[in-house]
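Quick note: numbers below take in every heavy atom, side chains included, and nothing from hydrogens, waters or symmetry partners. Every value quoted in this text rests on a predicted model; they were computed, and no experiment measured them. Chain naming here is simple, since letters A, B, ... match the order of the sequence lines and numbering starts at 1 in each.
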Protein chains: 2
Amino acid sequence: MTVLSGPWTLYLIWVLSQQGATRFGVLRQEISGISTKMLTERLRMLEREGIIQRHYQATIPPQVSYDLTDKGAELIAILGDLYSLAERWYGESSEAAHCLN
Amino acid sequence: MTVLSGPWTLYLIWVLSQQGATRFGVLRQEISGISTKMLTERLRMLEREGIIQRHYQATIPPQVSYDLTDKGAELIAILGDLYSLAERWYGESSEAAHCLN
DNA sequence: CCGTATCCGACCGGATACTG
DNA sequence: CAGTATCCGGTCGGATACGG
């Protein structure tokens with residue numbers, strides 16, 4: 001729970017679960033409002049926790065993408081349950097896209 | 001998710017789920033390290049969200065207790081899943097008692 | 001393109017004191 | 001007993017600039 005509680009963490013996982021492997025720059029755009037500092041911080045943390053994987057391509061310019069590990073995928077089921085509950089509680093209008101803090 | 005992300009929130013819910021209705025002072029002792037300010041803040045927030053209920057007895061001295069609503073009880077199943085996952089990931093040694101931030 | 005390094009202001013949360 | 005009010009220091013996170 002400590003892991004998941006950080007800002008943007010759950011939304012970041014959610015985005016990756018929807019799109020699969022995604023590049024750094026795309027994530028920064030997709031998660032509108034996040035700073036590069038925060039994004040890298042969350043990505044490193046989730047990588048340490050074994051929830052996401054980093055893929056590095058030493059091309060020019062370099063390409064880096066991130067996706068969920070198997071461990072990360074296990075979370076999706078639970079997060080899905082939570083989102084379902086949220087929909088029942090707050091109505092269909094509630095979007096999954098929330099910054100957590 | 002925003003609701004659950006605040007500090008102590010999940011642990012507070014967890015404690016209430018284990019013990020049922022619990023008085024303010026007991027919670028303060030049980031959740032060792034929490035300040036009265038933080039405790040009341042979380043309690044008020046969870047009450048607003050309809051996750052817990054406040055019971056006030058105008059005795060002298062007054063007695064106030066808190067317990068989960070039906071809505072709150074719905075969360076327990078999901079939290080239980082999450083704790084199970086955490087146990088598989090981090091081993092039996094991991095305790096449920098974590099402060100979230 | 002994908003970051004790291006540094007600075008800095010805002011806010012959060014603890015400690016303390018006080019009330020019905 | 002169960003809080004509220006106030007102050008204040010530490011930390012978190014954004015902005016900015018820079019590097020491989």
Side-chain angles (χ1 to χ4, degrees), chain A residues 1-16 19-49 51-68 97-101, chain B residues 1-16 19-49 51-68 97-101:
Chain A
M1 297 309 310
T2 310
V3 170
L4 301 180
S5 295
W8 300 104
T9 307
L10 278 168
Y11 184 46
L12 178 52
I13 294 174
W14 185 255
V15 167
L16 286 177
Q19 322 200 352
T22 311
R23 293 180 57 182
F24 184 88
V26 176
L27 285 173
R28 188 171 42 192
Q29 291 173 286
E30 218 105 336
I31 305 176
S32 130
I34 198 171
S35 64
T36 67
K37 181 183 176 181
M38 181 60 23
L39 181 53
T40 52
E41 201 173 297
R42 296 298 96 186
L43 287 170
R44 296 286 171 275
M45 184 273 288
L46 288 174
E47 196 186 358
R48 271 202 318 276
E49 296 295 331
I51 291 171
I52 67 173
Q53 273 174 312
R54 183 173 188 267
H55 300 283
Y56 179 72
Q57 291 277 17
T59 55
I60 296 181
Q63 298 196 352
V64 180
S65 66
Y66 298 87
D67 63 351
L68 293 179
H98 280 111
C99 159
L100 312 165
N101 65 6
Chain B
M1 298 308 312
T2 309
V3 170
L4 301 181
S5 296
W8 300 104
T9 308
L10 279 168
Y11 185 46
L12 178 52
I13 293 174
W14 186 256
V15 168
L16 286 176
Q19 322 200 350
T22 311
R23 294 179 57 182
F24 184 87
V26 176
L27 285 174
R28 188 170 42 193
Q29 291 173 284
E30 218 104 338
I31 306 177
S32 130
I34 198 171
S35 63
T36 67
K37 181 183 177 181
M38 181 60 24
L39 180 53
T40 52
E41 201 174 297
R42 297 297 96 185
L43 288 169
R44 297 283 173 276
M45 184 273 287
L46 288 173
E47 195 187 0
R48 272 203 316 275
E49 296 294 330
I51 291 170
I52 66 174
Q53 273 174 311
R54 183 173 188 269
H55 300 282
Y56 179 73
Q57 291 276 18
T59 55
I60 296 180
Q63 297 195 353
V64 180
S65 65
Y66 298 87
D67 62 350
L68 293 179
H98 282 111
C99 160
L100 310 165
N101 66 7

Specify the separation, in whole Å, of atom CG of Leu27(A) and atom P of dC2(C). 9 Å
Atom-pair distance (CD1 on Ile31(B); P on dG13(C)), nearest Å: 15 Å
Quick check: on DNA chain C, is the nucleotide nearest Ser35(B) upstream (toward 5') of the one nearest Val64(A), or the reverse? Name the residue that is more 5'. Val64(A)
Selected nucleotide, minimal atom distance to Pro7(B) side chain, candidates dG3(C), dC1(C), dG13(C): dG13(C)
Using only side-chain N and O atoms of Arg42(A), determine if any of them is under 4.0 Å from OP1 or OP2 of dG3(C). no
Comparing nearest nucleotides in DNA chain D, the 5'-proximal residue of the pair Lys37(B), Phe24(B) is Phe24(B)
Spacing of Arg54(A) atom CZ relative to dC2(C) atom C1', expressed in whole Å: 8 Å
Compare all side-chain heavy atoms of Trp8(B) with those of Leu39(B) and state whether any distance is below 4.5 angstrom. no
Whole-Å gap separating P (dC2(C)) and CD1 (Ile34(A)): 15 Å
Does Ile34(B) reach the side chain of Leu27(B), with side-chain heavy atoms less than 4.5 Å apart? no
Do Met38(A) and Arg42(A) come within less than 4.5 Å of each other through their side chains, counting heavy atoms only? yes
According to a strict under-4.0 Å criterion, is Thr36(B) in side-chain N/O contact with OP1 or OP2 of dT4(D)? no
So, does Arg44(A) get its side chain near the phosphate of dT4(C), meaning an N or O under 4.0 Å from OP1 or OP2? yes
Roughly how far, to the nearest 0.5 Å, is the CD1 atom of Ile51(A) from the CG atom of Leu16(A)? 11.0 Å
Tell me every residue that passes side-chain contact (heavy atoms from CB on, under 4.5 Å) with Thr59(A), counting only those two or more places apart in sequence or in another chain. Gln57(A), Gln63(A)
Find the distance Leu43(A):CG to dG3(C):P and express it as a whole number of Å. 7 Å
Between Trp8(A) (CH2) and dC12(D) (P), how many Å, whole number? 18 Å
Interatomic distance, Arg28(A) CZ vs dG13(D) P [rounded to whole Å]: 18 Å
Would you mind telling me which of dC1(C), dG14(D), dG13(C) lies closest to the side-chain atoms of Glu41(B)? dG13(C)
Measuring to OP1 and OP2 of dC1(D), would you say a side-chain N or O of Arg23(B) lies under 4.0 angstrom away? no
Please check the phosphate of dG20(C) (OP1 and OP2 only) for any side-chain N or O of Tyr56(B) closer than 4.0 Å. no
Whole-Å distance, Met38(A) CE to dC2(C) P, equals 19 Å
